[in-house]
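The next block holds one structure in the form of structure tokens; read it before the comments.
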Protein chains: 2
Amino acid sequence: MTATNLLEIKLARRESIPNADLELLRGLKRNERVVDAHEDLITEGDNPSAVTLILEGFACRYKLLPDGQRSIMAYLLPGDICDLHVALLGEMDHSIATLSECRVSRIDKTTVSELEERPHLRRALWLSQLVDHAISRQWIINLARRRGDKMIAHLMCEILSRLQAVGLAADDSFAFPVTQGELGDTLGVSTVHVNRMLAQLRNKGLIAQQGRNVQVLNFQNLSHYCDFDARYLHLEAGQ
Amino acid sequence: MTATNLLEIKLARRESIPNADLELLRGLKRNERVVDAHEDLITEGDNPSAVTLILEGFACRYKLLPDGQRSIMAYLLPGDICDLHVALLGEMDHSIATLSECRVSRIDKTTVSELEERPHLRRALWLSQLVDHAISRQWIINLARRRGDKMIAHLMCEILSRLQAVGLAADDSFAFPVTQGELGDTLGVSTVHVNRMLAQLRNKGLIAQQGRNVQVLNFQNLSHYCDFDARYLHLEAGQ
DNA sequence: CGGCAACTTGACAATGCTCAACGCGGGTGG
DNA sequence: CCACCCGCGTTGAGCATTGTCAAGTTGCCG
């Protein structure tokens, strides 16, 4: 699977996009680079002049609090775009960093503008922004209303579904390069507690882990366990 | 202050909008109505054909979980627009309900399209969507990383700031028609705990309450107490 | 082989939940 | 006009979940 195909898959999932537009996507003059794990792609306060597309690896939006805590507010997976329209807002109110080594592509503003002149692409890009917001809302629910291993189970279901949508988790198992500490910063719990929650999910036979690989043993069971309902990801073709 | 002025204030806050566009806003054929407290404006699963503008009162985005819990994911305050582009996503993945009696205005799709043909308005509407997303991210941080009365304090700071931005909280005090139970559904804690957290804030001299009115006694102190930094609301004129 | 980061486990403390009771005030029906 | 009711707010006591601290263990990599 080539790099731009990821974006293609994502954008073309819900409605057909004219071939001419797809050609434009494929022909994106890509400014690819590989970034080490735990490097900032954009730092809070920056006024970014370009958009970053994740091609490989995991990244996250995060913010450091004055007391030294870190809060991770979103995961960026392959095919995801950072801050398509952040230029409208002026400076970044949070940072984006890699969690694993990542291959990313820089798309400058003028290219973005070209993409947005195409009505279908504009709709598709909008849509992916709306889905990102829907994901944030689900994280709010997850943090507010699920506890213990159900919270972590829901996150796993989401990541699996999102990776499957770009063809990166064919058999319900996937590379998950996130440490327990980082999971704690995501779910607002301590590393120790993440460790115990994961152990519970393993003991219940819902997931298995081999190194940095997660396998969902029975997606049906896991979804039911944590009330995961993939509709918020809007992966199906729309109305 | 007239109704559409609210929207005007919001949209024109960060960049100037041509008079012709403002006229268009003022001339919106408004379909106003008053809705009782605790009524759905849009229900999960609906495929809305119009956009709702809140003119007066508090509303919220919420979702009911299978176990009967309710999770409130966002507050909609006067001047806020519900789901400008939800049509792109097909059916609603959550509901919107009034918290208090509300005056709302229905803007149908064709009118929205007209507004969006104006570049400045389109930018301004986008921007308000981006700010909504920034607010969701802050709620994630609040839920994940702040505990006890700091969590509730941060929410109060946000609401005060947002109300001030539309001229509804001139003296650091504001009508707050949200019950302790609803606050619990927002912050993911029990009613009893909300009660105790509010009592702590009162005892610390940070807020005062008279009936359904909240007064922030010293905004500086309160912000500092809960690490509130209003920049994420992007109320200042941009870059 | 040594070092470091991540993971694991146990014991105890803190935070928040549940259950239960009571106060208060506005609205309604007798 | 009064009595009642019901929703909301308040408070106390005991319990459950999660945090903190501390001590290993594992596994990779130089």
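Only this structure's heavy atoms are used, side chains among them; waters, hydrogens and symmetry mates stay out. Below, chains carry the letters A, B, ... as their sequence lines are ordered, and counting in each starts from 1.
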Have a look at [X] and say if it touches a base, only the backbone sugar-phosphate, or nothing, with a 4.0 Å heavy-atom cut-off.
{"X": "Ser190(B)", "result": "base"}
{"X": "Gly211(A)", "result": "nothing"}
{"X": "Arg202(B)", "result": "sugar-phosphate"}

[X] side chain, from C-beta outward: closest of [options]:
{"X": "Asn195(A)", "options": "dG10(C), dC7(C), dA20(C)", "value": "dC7(C)"}
{"X": "Arg212(A)", "options": "dC7(C), dT17(D), dT8(C)", "value": "dC7(C)"}
{"X": "His193(A)", "options": "dC7(C), dT9(C), dG19(D)", "value": "dG19(D)"}

Heavy-atom closest contact (Phe174(A) atom, Asn213(A) atom, distance):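 In terms of heavy atoms, the two residues are closest at O-OD1, 3.0 Å.
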
Would you call the rings of His154(B) and Phe228(B) parallel, tilted or perpendicular, where under 30° means parallel and over 60° means perpendicular?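 Ring orientation, 0 to 90° scale: perpendicular.
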
Would Asp185(B) and Gln69(B) count as having a side-chain donor-acceptor pair, cut-off 3.5 Å?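 Short answer, no.
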
Indicate whether any N or O donor in one side chain lies under 3.5 Å from an N or O acceptor in the other, for Tyr75(B) and Asp80(B).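 No - no donor-acceptor pair under 3.5 Å links their side chains.
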
Tell me: NE2 of His38(A) to P of dA5(C), nearest whole Å?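 After rounding, the gap between these two atoms is 12 Å.
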
Nearest-Å distance for atom pair CG/P, residues Leu198(B) and dT11(D):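 Between P of dT11(D) and CG of Leu198(B): 12 Å.
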
Is the base of dG12(D) touched by the side chain of Arg196(B) through a donor-acceptor pair closer than 3.5 angstrom?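 It does, because a donor-acceptor pair links the side chain of Arg196(B) to the base of dG12(D) below 3.5 Å.
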
